[in-house]
Amino acid sequence: MSELKVLTREQKQCYNENGFIKLSNIFSKNEVDEISDAYNELFERKHKENLEGLESAWKGDDMKKEANYTPYTVKSIHGLQMHSAVFTRLITHPKLLDALEDIMDTKDILLHHTKAHIKPPEKGAPYLMHQDYHYFPFKKHSMLAVFLHLDDTTPENGGLAVYPGSHKLGPLQDHGLSDEKGERYHYADPKKYPLSGATPVSAKRGEILVFSYLLLHGSYLNLSARSRRMFLAQIRAADDEPLEDVHKSPCQNLVLRGTNIYREATMATRFAH
């Protein structure tokens, strides 16, 4: 194992064993305040522009059962780095990239996409247990999620839940569905991997959960009086390859650290004639 920059060897072993790790003190309080303010301003602006277009709650009978037929919602925005330099600084933060380099065993790190969800008080939707793999499968499974909590988060306000070690199972059978618009909702067998059987992950404002895209994860209903705000970046190693031509997003393959010699080789071949 190469010399670690941020993680201890125990933390690295914990990540390898469980498929996730919670990180504290990556961002300062002032940095978290700046991110929070930019986040609120963006959602307020987009809310005025297109309320319906922000909806990101899953559909289907399994989801209705989980939500007990309660009207539920999640508000979502993608590509946050296209809206404010605050989010560009977030995904290129040296201390964050040091931690990712430790976790990923590579200095060549690329962006896949970013998004943000707000679970509003008293009606925030749950998410069934799922693997992100089914949305954007990659050959070497280097893809991971960087989940920044912008509020203190517990199961009561819609926090995350995981099945520790489930990343070792590899890609599981997809039990999802497609809606009337053709949008796909991916999740694991709710009978075999119920949300109620998962391990809750509580976090303080500013803490980050990093997890493999093969880790089974979901989140609870928010029936509390508190919002649950999050920022998510999906990150991959430069030498990994997509298995399907799906999930295109702004700034995809942006080099966050190191180089992307694989992209350069592809481009050189493409424009050689």
Can you find a heavy atom in the side chain of [X] that is under 4.5 Å from one in the side chain of [Y]?
X: Leu216; Y: Tyr187; answer: no
X: Leu80; Y: Leu42; answer: yes
X: Leu148; Y: Leu232; answer: no
X: Gln131; Y: Leu215; answer: no
X: Arg89; Y: Glu34; answer: yes
X: Leu214; Y: Pro171; answer: yes
X: His93; Y: Leu90; answer: no
X: Pro155; Y: Ser202; answer: yes

Could you go through the side-chain contact (heavy atoms from CB on, under 4.5 Å) check for Tyr15 and Leu144 one step at a time? CA-CA 12 Å; Tyr15 176 84; Leu144 51 74; 4.0 Å; yes

Salt-bridge test for [X] and [Y]: reply yes if a basic N is under 4.0 Å from a carboxylate O, no otherwise.
X: Arg226; Y: Asp152; result: no
X: Lys204; Y: Asp151; result: no
X: Lys168; Y: Glu17; result: yes

Is the side chain of [X] donor-acceptor paired with the backbone N or O of [Y] at a distance under 3.5 Å, no angle test?
X: Asn260; Y: Val255; answer: no
X: Arg228; Y: Gly158; answer: yes
X: Asp108; Y: Thr259; answer: yes
X: Asp102; Y: Leu4; answer: no

Is a donor from one side chain sitting under 3.5 angstrom from an acceptor on the other, for [X] and [Y]?
X: Asp240; Y: Ser142; result: yes
X: Ser249; Y: Lys115; result: no
X: Glu207; Y: Ser24; result: yes
X: Arg257; Y: Thr106; result: no
X: Ser28; Y: Asn30; result: no
X: Asp174; Y: His134; result: no
X: Gln81; Y: Thr88; result: no

Quick check on the hydrophobic clustering: are [X] and [Y] connected, directly or via other members, by side-chain heavy-atom contacts under 4.5 Å?
X: Leu209; Y: Ile26; result: no
X: Met230; Y: Tyr220; result: no
X: Ile235; Y: Ile35; result: yes
X: Leu23; Y: Leu160; result: no
X: Val162; Y: Met143; result: no

Report the relative orientation of the aromatic rings in [X] and [Y]; use parallel for angles under 30°, tilted for 30 to 60°, perpendicular for over 60°.
X: His113; Y: His78; value: parallel
X: His247; Y: His112; value: tilted
X: His141; Y: Tyr213; value: tilted
X: Phe147; Y: Phe211; value: tilted

Are [X] and [Y] near enough that their ring centres are under 6.0 Å apart?
X: Phe20; Y: His217; answer: no
X: Tyr39; Y: Phe231; answer: no
X: Tyr127; Y: His117; answer: yes

Give, for atom [atom1] of [X] and atom [atom2] of [Y], the distance between the pair rounded to the nearest 0.5 Å.
X: Leu256; Y: Leu96; atom1: CG; atom2: CG; result: 8.5 Å
X: Cys251; Y: Ile91; atom1: SG; atom2: CD1; result: 7.0 Å
X: Leu111; Y: Thr114; atom1: CG; atom2: OG1; result: 6.5 Å
X: Leu150; Y: Ile118; atom1: CG; atom2: CD1; result: 9.0 Å
X: Gln11; Y: Lys22; atom1: CD; atom2: NZ; result: 12.0 Å
X: Asp98; Y: Lys5; atom1: CG; atom2: NZ; result: 5.0 Å

Which pair of non-hydrogen atoms, one from [X] and one from [Y], has the smallest distance, and what is that distance?
X: Pro137; Y: Val246; answer: CD-CG2, 4.3 Å
X: Gly19; Y: His167; answer: N-CE1, 3.2 Å
X: Phe138; Y: Phe136; answer: CD1-O, 3.3 Å
X: Ala198; Y: Tyr163; answer: CB-CE1, 3.6 Å
X: Ser219; Y: Lys119; answer: OG-NZ, 2.7 Å
X: Leu221; Y: Pro126; answer: CD2-CD, 3.5 Å

Steps toward salt bridge (charged side-chain N to carboxylate O under 4.0 Å, His left out) verdict (Lys139, Asp239): CA-CA 10 Å; Lys139 185 176 181 179; Asp239 67 345; over 6 Å; no

One pair to check against side-chain contact (heavy atoms from CB on, under 4.5 Å): Arg229 and Asn40. What are the steps and the verdict? CA-CA 9 Å; Arg229 298 174 301 151; Asn40 290 343; 2.8 Å; yes

Should Gln173 and Asp189 be marked as a side chain to side chain donor-acceptor pair (under 3.5 Å) after you check the CA-CA gap, both sets of side-chain angles, and the distance that decides it? CA-CA 8 Å; Gln173 182 181 355; Asp189 185 348; over 6 Å; no

Evaluate Arg45 against Ile77 for side-chain contact (heavy atoms from CB on, under 4.5 Å), listing each step before the verdict. CA-CA 11 Å; Arg45 176 157 48 89; Ile77 296 175; over 6 Å; no

Start with the C-alpha distance between Leu254 and Leu110, add both sets of side-chain angles, then the distance that settles side-chain contact (heavy atoms from CB on, under 4.5 Å), and finish with yes or no. CA-CA 5 Å; Leu254 177 70; Leu110 308 186; over 6 Å; no

